[in-house]
Amino acid sequence: MRTQSMAIEIKNPREIEAIRISSQMAADTLLLVGEKLRAGMTTEEINTIVHEDTIRRGAIPSPLNYHGYPKSVCTSVNEVVCHGIPGPQVIHDGDIINVDVTTFYGGFHGDTSATFYVGKPSNDARHVTEVARKSLELGIEQVREGARIGDIGAAIQEYAEGQGCSVVEQFVGHGIGRRFHEPPQVPHFGKRGTKDRMRAGMVFTIEPMINLGGWEVEVMDDNWTALTKDRSLSAQFEHTIVVTRNGCEILTKRSRALMNSEIVPSLLM
Ligand code: MF3
Ligand code: CO
Ligand code: CO
């Protein structure tokens, strides 16, 4: 029944443990990408790193063949908002690139992404990236049993717009579990006290896409690559989280800091 398939699942502890395992695999693969990332690489090489690391774990890269998506990861450079398809594109010193890893293992998906600095970023690149990083953190801080889904987007929008950036509306966070995308939708904009109430055991992503210019997005002729309409820079971070009684657990929490994002060698020079 439609009403049944629309309902937000409450995961039991066994299901949450399974999502924790696939989420930790995704987090570890993202750490590996951060260590290997270099100016002069192609996005195809990043795809190979993610694909091979995922297979080595006995897992499957969720993006591959998902609604016809042709690759194992999304690589979104500079003005690309999300769903960039790996290929011959070379990444250059000064670029920013979001790498979005989703891992399917034991029947469950885990989804996480980060924006990396390729070499030394411009002030604009640093600004939009750090606003996106903080937006995710502030969104996560809203999560607890009894809070509303709308509280997440309100916190993000208020902060990001206050920093002179804009929030993408066309793509949202999502429930995740046996399916890559399931209810609820988690917008990164909106009003406090609106939308569904969060319940312990709900598992969803928060993945704000923040633009330096306007919020409008267009999708390229490949039907995947989304870019800012004004071609301004865009950055994104994503975690998979589970709602708990007094907050949440970040299932894709990293075991160490992310090279070329949370640790930037070029900024220390
Ligand atoms: N990982 C993306 C998300 O965060 C979805 C990518 S769908 C794909 O929801 F087909 F492009 F991989
Ligand atoms: Co996602
Ligand atoms: Co993702």
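The chain is numbered in sequence order, starting from 1. Start at 1 and go down the list; that is how both ligands and their atoms are numbered.
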Peer 1: Closer than 4.0 angstrom, basic N to acidic O: yes or no for Arg133 and Glu207?
Peer 2: no
Peer 1: Just let me know how Thr205 lines up against ligand 1, side chain, backbone, both or neither, with a heavy-atom cut-off below 4.0 Å.
Peer 2: neither
Peer 1: To the nearest 0.1 Å, how far is atom 4 (O) of ligand 1 from its closest protein heavy atom, and which atom is that?
Peer 2: Glu207 OE1, 2.8 Å
Peer 1: Could you check atom 7 (S) of ligand 1 against the protein and tell me its nearest heavy-atom contact, residue, atom and distance included?
Peer 2: Tyr66 CD2, 3.9 Å
Peer 1: Please determine whether a side-chain nitrogen of the Lys or Arg among Glu158 and Lys191 lies less than 4.0 Å from a carboxylate oxygen of the Asp or Glu.
Peer 2: no
Peer 1: Test side-chain contact (heavy atoms from CB on, under 4.5 Å) on Thr75 and Ile97; report intermediate values, then the result.
Peer 2: CA-CA 7 Å; Thr75 52; Ile97 179 172; 4.0 Å; yes
Peer 1: I'd like to know if Glu17 and Lys11 make a salt bridge, using a cut-off of under 4.0 Å between side-chain N and carboxylate O.
Peer 2: no
Peer 1: Can Glu15 and Arg20 be counted as an ion pair, charged N to O under 4.0 angstrom?
Peer 2: no
Peer 1: When you look at Ser22 and His109, which way does the side-chain hydrogen bond (donor to acceptor under 3.5 Å, both in side chains) test go after all the steps?
Peer 2: CA-CA 6 Å; Ser22 46; His109 300 271; over 6 Å; no
Peer 1: Does ligand 1 have any atom sitting under 4.0 Å from a heavy atom of Glu238?
Peer 2: yes
Peer 1: Tell me if the centroids of the rings in Tyr66 and His181 come within less than 6.0 Å of each other.
Peer 2: yes
Peer 1: Can you report which non-hydrogen protein atom sits closest to atom 12 (F) of ligand 1, along with the distance?
Peer 2: Pro63 CB, 3.1 Å
Peer 1: Do Arg144 and Thr244 come within less than 4.5 Å of each other through their side chains, counting heavy atoms only?
Peer 2: no
Peer 1: For the pair His174 and Gln185, evaluate side-chain contact (heavy atoms from CB on, under 4.5 Å) and give the outcome as yes or no after the intermediate values.
Peer 2: CA-CA 5 Å; His174 51 92; Gln185 296 200 142; over 6 Å; no
Peer 1: Between Met209, His83, His109, which one has a non-hydrogen atom sitting closest to atom 6 (C) of ligand 1?
Peer 2: His83
Peer 1: Inspect the contact between Glu145 and Arg197 and indicate whether a charged nitrogen and a carboxylate oxygen are less than 4.0 angstrom apart.
Peer 2: no
Peer 1: Does Phe180 have a heavy atom less than 4.0 Å from any atom of ligand 1?
Peer 2: yes
Peer 1: Against ligand 1, does His181 come closer than 4.0 Å with any heavy atom?
Peer 2: yes
Peer 1: Could you check Thr129, Thr112, Ile210, Asn98 and say which one makes a side chain to side chain contact (heavy atoms under 4.5 Å, CB included) with Phe237?
Peer 2: Thr129
Peer 1: So that I can check it, does any N, O or S atom in His174 come closer than 2.8 Å to the Co ion (ligand 2)?
Peer 2: yes
Peer 1: Sub-3.5 Å donor-acceptor pair from the side chain of Glu45 to the main-chain atoms of Thr42, do we have one?
Peer 2: yes
Peer 1: Identify, for atom 2 (C) of ligand 1, the protein heavy atom at the shortest distance, and state residue, atom and that distance.
Peer 2: Asp100 OD2, 3.3 Å
Peer 1: With heavy-atom distances below 4.0 Å as the criterion, list the atoms of ligand 1 near Asp111.
Peer 2: 1 (N), 3 (C), 4 (O), 9 (O)
Peer 1: Of all the atoms in ligand 1, which lie at a distance below 4.0 Å from a heavy atom belonging to Thr102?
Peer 2: 1 (N)
Peer 1: Please work out, at 4.0 Å between heavy atoms, whether the side chain, the backbone, both, or neither of Cys74 comes within that distance of ligand 1.
Peer 2: side chain
Peer 1: What's the count of protein N, O or S atoms under 2.8 Å from the Co ion (ligand 3)?
Peer 2: 4
Peer 1: Run the ring-centre check on His83 versus Phe171 and record whether the distance is less than 6.0 Å.
Peer 2: yes
Peer 1: With heavy atoms only and a cut-off of under 4.0 Å, state how Trp224 meets ligand 1: side chain, backbone, both or neither.
Peer 2: side chain
